Amino acid sequence: MPEYTVLTVASMIGVVALEGRWRTGIFTSARYWCSMVIVFAFQILVDGWLTKLSDPIVLYGRDQFLDIRFPWDIPIEDFGFGFSMVTLTILLWEHHGARRKENAR
């Protein structure tokens, strides 16, 4: 399996596992899912412009990803990477906030 795909899938599994361990509850939060819709909307605009096959700014090695592009020539791995990056940031924020509340008691 291509390297970018493997790393993307591993990061997604790692983030979901971390949520399973910390149980912050973000996956049941409407605020989280609304934020992900906003993130993906802007990701489609920016990533679509950066990766368009007609005039790409960012190039990917064909052997490093699955070469499945949707929409507007965006490699599907980019969405998994975006999910992992944003979700991990929110998880760390929520976990740190919960620990801070516990220590204040």
Side-chain angles (χ1 to χ4, degrees):
M1 190 178 275
E3 184 177 356
Y4 186 39
T5 306
V6 170
L7 292 173
T8 299
V9 171
S11 71
M12 292 173 68
I13 290 169
V15 166
V16 171
L18 194 57
E19 165 56 17
R21 179 177 177 164
W22 286 346
R23 301 189 188 279
T24 65
I26 66 167
F27 292 150
T28 60
S29 166
R31 290 185 311 170
Y32 168 76
W33 293 108
C34 286
S35 69
M36 291 308 290
V37 167
I38 293 167
V39 166
F40 285 137
F42 281 99
Q43 182 175 358
I44 287 170
L45 293 174
V46 174
D47 211 351
W49 175 66
L50 290 172
T51 62
K52 64 183 179 264
L53 292 175
S54 61
D55 188 23
I57 294 170
V58 177
L59 300 171
Y60 294 86
R62 290 216 181 262
D63 59 335
Q64 298 301 312
F65 72 114
L66 294 177
D67 202 20
I68 299 171
R69 295 172 176 261
F70 175 83
W72 297 308
D73 305 328
I74 301 169
I76 59 168
E77 290 88 350
D78 284 4
F79 292 103
F81 177 75
F83 163 82
S84 295
M85 182 175 57
V86 172
T87 302
L88 179 59
T89 302
I90 294 170
L91 275 175
L92 291 169
W93 184 273
E94 290 293 322
H95 180 68
H96 179 70
R99 288 184 58 202
R100 202 174 214 185
K101 286 178 186 175
E102 282 180 18
N103 292 335
R105 291 181 197 173

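Along the sequence shown, residues are numbered consecutively beginning with 1. Being a predicted model, the structure only gives us computed values, none of them experimental.
- More than 12 heavy atoms of other residues, nucleotides or ligands shown are found within 6.0 angstrom of CZ on Phe27.
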#### Entry: Trace of the side-chain contact (heavy atoms from CB on, under 4.5 Å) decision for Met12 with Phe79
CA-CA 10 Å; Met12 292 173 68; Phe79 292 103; over 6 Å; no
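- Side-chain atoms of Thr51 come within 3.5 Å of backbone N or O of Asp73 as a donor-acceptor pair.
- The CG atom of Leu91 lies 12.5 Å from the CZ atom of Arg21; values are rounded to the nearest 0.5 Å.
- A heavy-atom distance below 4.5 Å is found between the side chains of Leu18 and Trp22.
- Here the options are Leu88, Val86, Thr87, Leu92, the test is side chain to side chain contact (heavy atoms under 4.5 Å, CB included), and the partner is Ile90; only Val86 passes.
- In terms of modelled atom types and a separation under 3.5 Å, the side chain of Glu77 and the main chain of Leu66 share a donor-acceptor contact.
- Separation of atoms OG (Ser35) and CZ (Phe40) is listed at 9.5 Å; rounding is to 0.5 Å.
- Within 6.0 Å of CH2 in Trp93 there are 12 or fewer heavy atoms belonging to other residues, nucleotides or ligands.
- Using modelled atom types, no side-chain atom of Trp72 and backbone atom of Ile44 make a donor-acceptor pair closer than 3.5 Å.
- Looking at Glu94, its side chain never comes within 3.5 Å of a backbone N or O of Ile26 through a donor-acceptor pair.
- When atom types are taken as modelled, the side chain of Gln43 and the backbone of Asp78 share a donor-acceptor pair closer than 3.5 angstrom.
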